[in-house]
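Since the structure comes first, as structure tokens, the remarks are kept for the end.
Heavy-atom basis, side chains included; hydrogens, waters and symmetry copies ignored. Each chain gets a letter, A, B and so on, in the order the sequences are listed, and its residues count up from 1.
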Number of protein chains: 2
Amino acid sequence: MAESHHVLIVDDDGETRELLARYLGRNGYTVSVAGDGDEMEARLAQDPPVDLIVLDLMLPGRDGLDLTRAIRVRSSVPIVMLTARGDDTDRIVGLEIGADDYLPKPFNPRELLARIRTVLRRAGRSPDSLPVQRNRLRFAGWEIDLAARDLVSPAGVNVPLSAGEFDLLAALVEHPRQVLSRDELLDLTRGRVAAPFDRSVDVQIGRLRRRLEDDPRDPRLIKTVRGGGYMLAAPVEAA
Amino acid sequence: MAESHHVLIVDDDGETRELLARYLGRNGYTVSVAGDGDEMEARLAQDPPVDLIVLDLMLPGRDGLDLTRAIRVRSSVPIVMLTARGDDTDRIVGLEIGADDYLPKPFNPRELLARIRTVLRRAGRSPDSLPVQRNRLRFAGWEIDLAARDLVSPAGVNVPLSAGEFDLLAALVEHPRQVLSRDELLDLTRGRVAAPFDRSVDVQIGRLRRRLEDDPRDPRLIKTVRGGGYMLAAPVEAA
DNA sequence: ACAATCTGTTACATAAGGTTACATTTATTT
DNA sequence: AAATAAATGTAACCTTATGTAACAGATTGT
């Protein structure tokens, strides 16, 4: 894989910051974070150099537009601006003063990833980092190819999974014999945090079990840890 | 990326000129500016040659239509015309006398970028279509020649694809095992951004699957990632 | 001019994923 | 041990995303 790009996230909300940092990190980027303009400036002055900035429009003190203008005085580093939905004016102003793209909130982290890739590609910084061409793992007789997104049963049959089921299984397989909380699983699979009475993970786990377990009532592969979360019980090895 | 294209911006408003110059510059173009017809003529007479002209319709002295006619007498350089919104007549006249596209003001710079890319590609000067003699790749038994634009099935038969289908497949093959959003695919294949309820990518993917997949209902090669986009599941290697 | 092809749009069917409600299980308290 | 509380399992429902047939305008070839 080519050398990873360095992305700087500037947002005053710590949770958003952490979430994006983890999400982008998982997807091959080196990530730094800053909570305001001063932290951003400090980070920009350091090594390694920043390849792209994700900048929240609404910030305490100097806002995103101010900061963009300030950056543009001395640098052409690509900027992706996060804006409140429906505020076309700000978006256009943002682009005019030098942002390279914008993304209305709330957004899907995947979408941000796509924009970042596009902007970096257009900026011609370096060729797209090559995706992992091969990433196969084996557990309890099953074989999963994380790159091709398919799953083969011990009997050798290809088992179709929905996108959500696959993501969930991938998260478990990448952390074998480790209890993952619902929050962690949501973060790993959807890049979001849990809502108050969020049961979506439980339901998806149920659906996954129906496809993987001989007897979904007595799960051997995906175990429940009461008060903790779920875990993949089998050991995982490279295939 | 190949050598950058040279774009000439002709607008009497200095601020707009600067904004566009910076924006296009950031996005990989070499930019010159002119404030009126005379400056434009002067610039066209110089080196390096201009690959595309962004021309404001409303100009003091000779207007955009006049200038377009004058340019067309001796050159077929692509022209993108900027017009006031709602003036259909002018747009149509502009296109008739030789502009390649128009953009109503006020516009989003990103949109202008997309138009420029499309027009350049159409004009056959885009880096994408530059002199690659041979560029063959292999995936899942298939062989595709991006330069000759043909595709050979695992059985050795040449499979005819329409231009759009080929472009789409080429985009997927050039980013193997990477989820590409509908937006990215549109950008890569058509150089445009998605309209609100744009389903054209989905439809083309469907058509492509009918030609490549054994069972289009259970796609192994071109996978759907819900909420994400599509991806080529097979690894790709040079042939 | 006509036919054939291509491509985007529309409309509708299907599928996925989330939310909710309630059943069931497990833990805690009395 | 029974009662209570809390966590988990899951069916049913609803919203949204995707698949695709049918259509229409545009383009290309004859």
Quick one: do D150(A) and K223(B) make a salt bridge, cutoff under 4.0 Å?
-> yes
How long is the line joining CG of L169(A) and P of dG17(C), in whole Å?
-> 13 Å
Give the rounded distance in Å between these two atoms: CG of L161(B) and P of dT7(C).
-> 10 Å
Is the closest basic N to carboxylate O distance between R177(B) and D145(A) below 4.0 Å?
-> yes
Please name all residues satisfying salt bridge (charged side-chain N to carboxylate O under 4.0 Å, His left out) with D167(A), sequence neighbours left out, ordered by chain then number.
-> R110(A), R149(A), R190(A)
So with a 6.0 Å cut-off around CD of E237(A), is the heavy-atom count from everything else above 12?
-> yes
A correct 5'-to-3' footprint of nucleotides 18-29 of chain D, with B, S and - meaning base, sugar-phosphate only and no protein heavy atom under 4.0 Å, is BBBSB-------
Rounded to whole Å, CG of D183(A) lies from C1' of dA7(D) at a distance of 16 Å
Nearest-nucleotide check on DNA chain C, A163(B) vs F197(A); residue mapping nearer the 5' end is A163(B)
Would you check if the side chain of D183(A) reaches a backbone N or O of A194(A) as a donor-acceptor pair within less than 3.5 Å?
-> yes
Is any side-chain N or O of S162(B) closer than 4.0 Å to OP1 or OP2 of dT7(C)?
-> yes
Grab the CD-P distance between E165(A) and dG18(C) for me, whole Å please.
-> 11 Å
side-chain hydrogen bond (donor to acceptor under 3.5 Å, both in side chains) partners of residues 18-28 of chain A, not counting sequence neighbours, each pair once = R22(A)-D187(A)
For L208(A) and dG9(D), give me the distance from atom CG to atom P, rounded to whole Å.
-> 13 Å
Separation of atom CG in N108(A) from atom P in dG18(C), rounded to whole Å | 11 Å
Find the distance F166(A):CZ to dG17(C):C1' and express it as a whole number of Å.
-> 17 Å
In whole Å, what is the span from the CG atom of D218(A) to the P atom of dT25(C)?
-> 13 Å
